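Every chain is numbered from 1, with letters handed out A, B, ... down the list of sequences. This structure is a prediction, so every number in the text was calculated from the model and none was measured.
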Amino acid sequence: MWKTFFEELGAEVVVSPPTTQVMVSEGSSRVVADTCLPVKVFLGHVLSLVDKCDYIFIPAVRSVKSKIYNCSKFLGLPDMTKAVIPESPPILDIEIDVNKGKRHLYQAIYKLGRHFTWNPFKVRQASLAAWQAHLKYRQLMSSQGLTPPQAIAKMTGEVELKAPTSTQATIALIGHPYILYDEHISHRLIHRLEQADNKVLTPEMLTTEELESATTRLVGKAHWTYEDEVVGAGVHYLETRVDGVIGLMTFGCGPDSQMMDMVHRRAAKLRATTFMSLTLEEHTTEGGVVTRLEAFLDMINRRKRRQIEVCV
Amino acid sequence: MRVGISHLGNLSIMIKAWAQRLGGGLILPPANSQHTLSLGAKYSPEGLCLPFKLSLGNLIEACELGADTLVIASGAGICRLGYYAKTQEQILRDLGYNFEMISLNLSKDRLLGLIKLSKRLSNNASWFRVISALRFGIAKQIAMDKIERVVQKVRAVEQVKGTANRLYAKAIEAIDNADDYHTLKKVQRDYIDQLNHVAKDTQANPLIVGIIGEFYVTLEPFSNLNIESELGKLGVEVRRRTFISAWGKFSFFFNYLGLDEKSKIHKAALPYLKRDVGGDGWETVGEKVLHAKEYDGLIHLAPFTCMPEIVAQNIMSSTKENIPVLTILCDEQMNRTGMLTRLEAFVDLLKSRRRARNNTQHKGR
């Protein structure tokens with residue numbers, strides 16, 4: 001969406017490459033140790049862009065829905081980057097907060113556009129185009145069951161996707177998109193599950209309404225921006241009886257420590273679906289993740305076999 | 001109705017005063033202890049912060065004592081506090097306790113919410129009684145905080161270490177027992193007087209250290225291993241902005257009138273942090289900038305994994321104001337010896353800085 005926006009305004013967009021180990025370690029060397037992993041990775045990405053561009057765009061996303069806020073780390077992101085990476089190019093930071101009313105939002109977008117053009121109509125056109133692109137992207141994911149990287153690839157027309165083959169089990173992954181789809185951090189979890197002939201479901205494959213109603217069933221009104229992805233998706237998948245749910249979170253994530261616990265307790269109460277929570281950090285080794293994954297899949301398979309035996 | 005609450009510094013005395021005047025059944029859990037902490041840590045998700053664990057421990061202990069209504073403060077803030085009530089309720093229900101959970105949204109309902117809640121919990125006492133009870137409790141809180149400010153000064157220079165602490169403990173007990181405004185005033189005057197007459201080292205020119213950081217851990221001595229008194233033993237005068245009475249005064253009364261005690265702090269933080277990051281992160285950065293000239297050093301207290309304070313901590317190290325900051329993360333693994341060693345080293349550093357500064361001043365003359 002932002003890419004369309006800037007390109008419409010005639011800017012060239014440089015997107016940072018996929019995460020590497022170097023990025024993670026460089027990012028973590030800049031901040032205090034107990035900063036959460038996503039922030040460290042983020043800073044690694046910024047560092048990789050330092051010489052490549054004139055501006056870096058880091059919005060402070062305060063809230064995108066009324067009375068639901070994002071976590072502190074997102075709010076402080078532009079300022080924190082400025083503080084720990086003094087050599088970075090000028091940062092384009094705008095504050096997105098729908099609680100302050102539409103006017104505030106429009107002004108923020110306009111202010112952002114002013115860096116590229118003086119013409120307010122051009123900014124308006126660009127944002128409309130960006131919004132269309134975003135809607136198309138959302139629709140691709142929820143209707144066709146694509147993961148965000150797949151959807152982006154499809155939109156830019158890069159690859160033709162092959163239809164999923166026969167499946168052993170259906171596994172739902174819940175967690176923040178920046179963890180699930182980061183192949184380095186999550187140790188290619190999605191790929192590994194698919195290799196083992198499992199069908200993978202992610203929060204983005206549900207519609208907003210499904211997510212919201214599931215969140216409401218467990219905790220009432222959401223408090224965090226990402227609550228729908230974790231609690232909503234978790235509850236939805238637990239109740240629709242998929243074969244297993246894996247909750248992915250990172251060490252030091254404040255909201256997750258609470259939300260994942262709620263999902264965990266729900267899973268324990270339902271006693272129907274196998275649930276595993278994986279906590280990732282920069283020291284997590286691939287071997288450890290793979291072992292736990294294998295054990296988890298074995299458990300699901302055994303459970304399925306037993307159910308069949310009972311039926312017979 | 002038996003109401004259970006959790007502790008925060010000496011807040012319980014104020015609440016006890018309310019309950020006594022209103023005749024409501026208050027179940028005061030025992031003061032924070034290792035037992036409270038282990039209970040809280042055992043049943044909390046591991047990644048959660050210390051305030052959550054301790055207050056959960058308090059609530060479990062209150063439930064054990066037979067509380068059937070639990071009151072938890074919450075806020076619309078961006079920190080995890082807003083989510084405490086939901087998670088704690090779930091945990092306590094899973095433990096099999098039966099209770100009614102009331103979450104008091106302080107940032108939305110403000111004073112009126114508090115008054116309404118007190119009225120409800122006291123079985124519909126008259127408005128007059130509710131308000132006068134609240135007022136008396138607040139008077140106690142103000143008295144305690146006034147005495148504590150004096151104690152912070154005396155601790156640094158007293159000749160027999162521990163005198164001020166002893167007096168402070170006695171004062172709190174006396175305030176707790178005070179039954180009317182007259183006694184309360186007398187107690188306050190008496191103890192401030194006594195504190196001023198403690199034998200002091202008149203030569204001493206104590207170092208001044210500001211305590212900044214997260215609300216709960218700066219206010220709850222158990223959670224920071226009584227850091228202020230330890231600093232006092234090292235001959236350091238402690239200053240801190242956060243007091244319950246000061247906080248209440250502003251967020252309940254003055255902010256309505258457009259007076260914000262924090263706007264000065266926020267302004268100071270602007271070059272480094274442009275917006276509120278929830279909790280006390282913005283204030284932490286601002287206070288560093290503000291106090292760089294007047295204090296010798298700052299101690300930044302934060303619970304482990306506290307989100308706003310991590311942001312603040314990352315930003316603070318790059319500000320151009322030159323003042324040493326020691327960050328102490330509080331969690332259930334913290335131990336006294338480790339903290340004391342760090343404090344001693346920090347105080348040594350501050351002393352040598354001051355000496356160096358004085359020397360250059362002499363030469364300059």
**Report entry** Minimum heavy-atom distance A:A83-B:I315, with the two atoms named
**Finding:** CB-CA, 3.8 Å
**Report entry** Inter-residue atom distance A:K82.NZ - B:L273.CG, 0.5 Å rounding
**Finding:** 9.0 Å
Report summary line: If one checks every heavy atom of A:F74 against chain B at 4.5 Å, the contacting part turns out to be neither
Query raised in the report: Counting only heavy atoms not in B:N98, do more than 12 fall under 6.0 Å of its CG?
Result: no
Query raised in the report: How close do B:N314 and A:T35 get, heavy atom to heavy atom, and via which atoms?
Result: ND2-OG1, 3.4 Å
Query raised in the report: So what's closer than 4.5 Å to chain B heavy atoms on A:P78: side chain, backbone, both or neither?
Result: side chain
Requested in this report: Working to the nearest 0.5 Å, report the span between CD of A:Q258 and OH of B:Y84.
Outcome: 7.5 Å
**Report entry** A:Y178, OH: over 12 other non-hydrogen atoms inside 6.0 angstrom
**Finding:** yes
Query raised in the report: So how far is it from B:R93 CZ to A:K269 NZ, rounded to the nearest 0.5 Å?
Result: 9.5 Å
Query raised in the report: At what distance, to the nearest 0.5 angstrom, does CG of A:L75 lie from CE of B:M307?
Result: 9.0 Å
Query raised in the report: At a heavy-atom separation under 4.5 Å, does A:M80 approach chain B through its side chain, its backbone, both, or neither?
Result: both
Query raised in the report: Going through the distances and angles, do B:I91 and A:D261 end up as a side-chain contact (heavy atoms from CB on, under 4.5 Å)?
Result: CA-CA 9 Å; B:I91 294 174; A:D261 189 62; 4.2 Å; yes
Query raised in the report: Which distance, rounded to the nearest 0.5 Å, do you find between the CG of A:D79 and the OG of B:S318?
Result: 10.0 Å
Requested in this report: Under 4.5 Å, counting heavy-atom pairs only, tell me which of A:R30, A:M260, A:M262, A:M259 racks up the most with chain B.
Outcome: A:M262
Query raised in the report: Hey, is CD on B:E46 packed in by over 12 heavy atoms from elsewhere, all under 6.0 Å?
Result: no
